[in-house]
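Sequential numbering from 1 along the given sequence is applied to the chain's residues. Both counts, for ligands and for their atoms, begin at 1 and track the order of listing.
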Amino acid sequence: MSKHSFPLFVAIDGPAGSGKSSVSRAVARKLGYGYLDTGAAYRALAWHVIDQEVDPQNADAVAALLPDFDYTIGTEPDAYFVRVGQTDVTDAIREPAISAAVSAIARVPAVRTHLTELFRTIARAVPQPGVVVEGRDITTVVAPEAEVRILLTATEEARMTRRSAEISTQSAHTVAEQLRSRDRADSQVVEFMSAADGVTTVDSTHLDFDQTIDAVVEVINTARNSHD
Ligand SMILES: Nc1ncnc2c1ncn2[C@@H]1O[C@H](COP(=O)(O)OP(=O)(O)O)[C@@H](O)[C@H]1O
Ligand SMILES: Nc1ccn([C@@H]2O[C@H](COP(=O)(O)OP(=O)(O)O)[C@@H](O)[C@H]2O)c(=O)n1
């Protein structure tokens, strides 16, 4: 199969609140690409684990749920949804209880292997000429060979401020503490705080949302030109 049979792969990693989901989705919309939110799969599995009354800390019990984990995600930037079986969990997976449980299931090796395979399959199958895939280990594990690899960062302060502006049900202090402890737990499993070789860093601390989109599109265009 020629390399043009697969969509152009844009891999974006970064810590919580760096803007991965919102920026990746907007970039995909702008370029007419598909969009894959990999964090949503980890969150959906955490939702399923809790729904099945399994202890998220019990790695074997979590791994045992994988063969029957029936997960669907929308890859159209304008028609985003996440389903487990027939249940729409798009909003439920953003609940604080899921955010609190997700790192425990994300450190189970069988979970990472299973979801990584799923991501590769979903990304290859999008009908668009490109796909923006975002998460924590896309540039390093899921698609180290991606045509475009970006680390999206922002200072901890900027990320906490953005995230707490979104969440009205918890104090800014609680949101910041939870984000910090999730980043700490996730960092023990995958490296997403510094760019791997060949990965371009986009620091959005002093960029507004539109400027961040433009900066990412510029990295993609530069990489595309060098591949042509
Ligand atoms: N450059 C930016 N300037 C200001 N706000 C931003 C910027 N990038 C993202 N945001 C906002 O920050 C919040 C967190 O972004 P999100 O995409 O959910 O991050 P992540 O997916 O990395 O956790 C969202 O409300 C988003 O609109
Ligand atoms: N590629 C990925 C994506 C997410 N994750 C896990 O999934 C969780 C949720 O990811 P997310 O992207 O929705 O998180 P936010 O950055 O949006 O807060 C993370 O805290 C990680 O534990 C992962 O391990 N690897």
Side-chain angles (χ1 to χ4, degrees), residues 11-28 35-47 49 56 62 71 73 77 80 82 89-120 122-123 132-144 146 149-168 175-176 178-193 202-216:
I12 302 188
D13 288 326
S18 61
K20 296 180 304 296
S21 317
S22 52
V23 171
S24 299
R25 200 156 150 188
V27 165
Y35 159 61
L36 179 59
D37 169 4
T38 64
Y42 287 94
R43 287 175 178 274
L45 180 61
W47 179 90
V49 164
V62 169
Y71 145 91
I73 189 160
Y80 177 79
V82 186
V89 297
T90 313
D91 296 327
I93 60 171
R94 305 289 153 197
E95 292 294 326
I98 302 299
S99 301
V102 68
S103 299
I105 66 119
R107 69 166 169 256
V108 178
V111 166
R112 302 205 70 83
T113 312
H114 185 90
L115 293 187
T116 293
E117 275 311 310
L118 206 60
F119 300 148
R120 290 176 181 150
I122 297 171
V132 184
V133 183
E134 54 96 359
R136 299 288 188 292
D137 63 344
I138 314 305
T139 61
T140 52
V141 177
V142 175
R149 294 154 78 216
I150 295 172
L151 183 75
L152 188 59
T153 60
T155 58
E156 190 173 277
E157 193 191 353
R159 296 188 288 107
M160 307 288 155
T161 307
R162 290 173 191 170
R163 213 13 107 71
S164 49
E166 283 181 326
I167 302 175
S168 56
V175 171
Q178 287 174 351
L179 223 61
R180 238 179 251 125
S181 86
R182 189 150 59 88
D183 274 347
R184 247 195 323 265
D186 290 338
S187 302
Q188 290 169 4
V189 182
V190 278
E191 170 58 56
F192 55 83
M193 298 304 275
V202 173
D203 184 342
S204 75
T205 308
H206 301 295
L207 304 178
D208 67 21
F209 188 61
D210 287 337
Q211 289 170 328
T212 311
I213 295 167
D214 290 345
V216 168

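How far OG of S21 is from CG of L152: 10.0 Å, rounded to the nearest 0.5 Å. Distance check, rounded to the nearest 0.5 Å: OH of Y35 to CD1 of I73 gives 7.0 Å. To the nearest 0.5 angstrom, L45 atom CG is 10.0 Å from I98 atom CD1. The OG atom of S18 sits 8.5 Å away from atom CD of E134, with the distance rounded to the nearest 0.5 Å. Annotation: the span from R112 atom CZ to R136 atom CZ amounts to 9.5 Å, rounded to 0.5 Å. Here CZ of R43 is found 4.0 Å from OG of S99. Values are rounded to the nearest 0.5 Å.
Close contacts of ligand 2 with R163, meaning ligand atoms under 4.0 Å from a residue heavy atom, involve 15 (P), 17 (O), 18 (O). Residue G135 approaches ligand 2 through these ligand atoms, each under 4.0 Å from one of its heavy atoms: 1 (N), 3 (C). Near R163, the atoms of ligand 1 lying under 4.0 angstrom from a non-hydrogen atom of the residue are 18 (O), 19 (O), 20 (P), 23 (O). The atoms of ligand 1 that sit less than 4.0 Å from any heavy atom of D208 are 1 (N), 2 (C), 3 (N). Taking every heavy atom of T38 and a limit of under 4.0 angstrom, the matching atoms of ligand 2 come to 1 (N), 2 (C), 3 (C). The atoms of ligand 2 that sit less than 4.0 Å from any heavy atom of D137 are 1 (N), 2 (C), 25 (N). Residue contact check: L207 has heavy atoms under 4.0 Å from atoms 1 (N), 2 (C), 3 (N) of ligand 1. If you number the atoms of ligand 1 from 1 as listed, the ones under 4.0 Å from a heavy atom of S22 come out as 9 (C), 15 (O), 16 (P), 17 (O), 26 (C), 27 (O). Listed by number with element, the atoms of ligand 1 under 4.0 angstrom from any heavy atom of F209 are 1 (N), 2 (C), 3 (N), 7 (C), 8 (N), 9 (C).
The shortest N/O to N/O separation between E166 and ligand 1 falls below 3.5 Å. Among the atoms of E134, none of the N or O lies under 3.5 angstrom from an N or O of ligand 2. Annotation: K20 places an N or O atom under 3.5 Å from an N or O atom of ligand 2; distance criterion only. Here's the thing with A16: none of its N/O atoms is less than 3.5 angstrom from an N/O atom of ligand 1.
Contact annotation: for A16 versus ligand 2, heavy atoms closer than 4.0 Å belong to both the backbone and the side chain. Using a 4.0 Å cut-off between heavy atoms, K20 contacts ligand 1 through both its backbone and its side chain.
At the top of the distance list for atom 10 (N) of ligand 1, counting protein heavy atoms only, stands R162 CD, 3.8 Å. Scanning the protein heavy atoms around atom 13 (O) of ligand 2, the nearest turns out to be R43 NE, 2.7 Å. Regarding atom 18 (O) of ligand 2, its nearest protein heavy-atom neighbour is R182 NH2, 2.6 Å. The nearest heavy-atom contact from the protein to atom 1 (N) of ligand 1 is T212 OG1, 2.8 Å. Closest protein heavy atom to atom 21 (O) of ligand 1: S21 OG, 2.5 Å. Scanning all protein heavy atoms for the shortest distance to atom 7 (O) of ligand 2 gives Y42 CB, 3.3 Å. Nearest protein heavy-atom neighbour of atom 10 (O) of ligand 2: G39 CA, 3.5 Å. Distance from atom 19 (O) of ligand 1 to its nearest protein heavy atom, with residue and atom name: G19 N, 3.0 Å. If you check which protein heavy atom lies closest to atom 22 (O) of ligand 2, you get D186 OD1, 2.6 Å.
At distances below 3.5 Å, at least one donor-acceptor pair connects side-chain atoms of Q211 with backbone N or O atoms of D208. For the pair E191 (side chain) and M193 (backbone), a donor-acceptor distance under 3.5 Å is present. Under the 3.5 Å distance criterion, the side-chain polar atoms of R159 are matched with a main-chain donor or acceptor of A16. No side-chain donor-acceptor contact under 3.5 Å links D137 to the backbone of T140. For the pair T139 (side chain) and D13 (backbone), a donor-acceptor distance under 3.5 Å is absent.
Salt bridge D183/R163: absent, no basic N to carboxylate O contact under 4.0 Å.
Using a 4.0 angstrom heavy-atom cutoff, P15 counts as in contact with ligand 1. The shortest separation from a heavy atom of S18 to ligand 1 is under 4.0 Å, placing the residue in contact.
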_Using the rule given for side chain to side chain contact (heavy atoms under 4.5 Å, CB included), can you reason through R162 versus S204, listing the C-alpha separation, both sets of side-chain angles and the distance that settles it, and then say yes or no?_
CA-CA 12 Å; R162 290 173 191 170; S204 75; 3.0 Å; yes
_Chi angles and distances behind the side chain to side chain contact (heavy atoms under 4.5 Å, CB included) call for Y71, V89_ = CA-CA 10 Å; Y71 145 91; V89 297; over 6 Å; no
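For the pairing with I12, the side-chain contact (heavy atoms from CB on, under 4.5 Å) check across V23, V27, V132 returns one residue only, V132.
Between T38 and V142 the shortest side-chain heavy-atom distance does not fall below 4.5 Å.
Selection from R136, R94, R112, R107 by nearest heavy atom to atom 24 (O) of ligand 2 gives R112.
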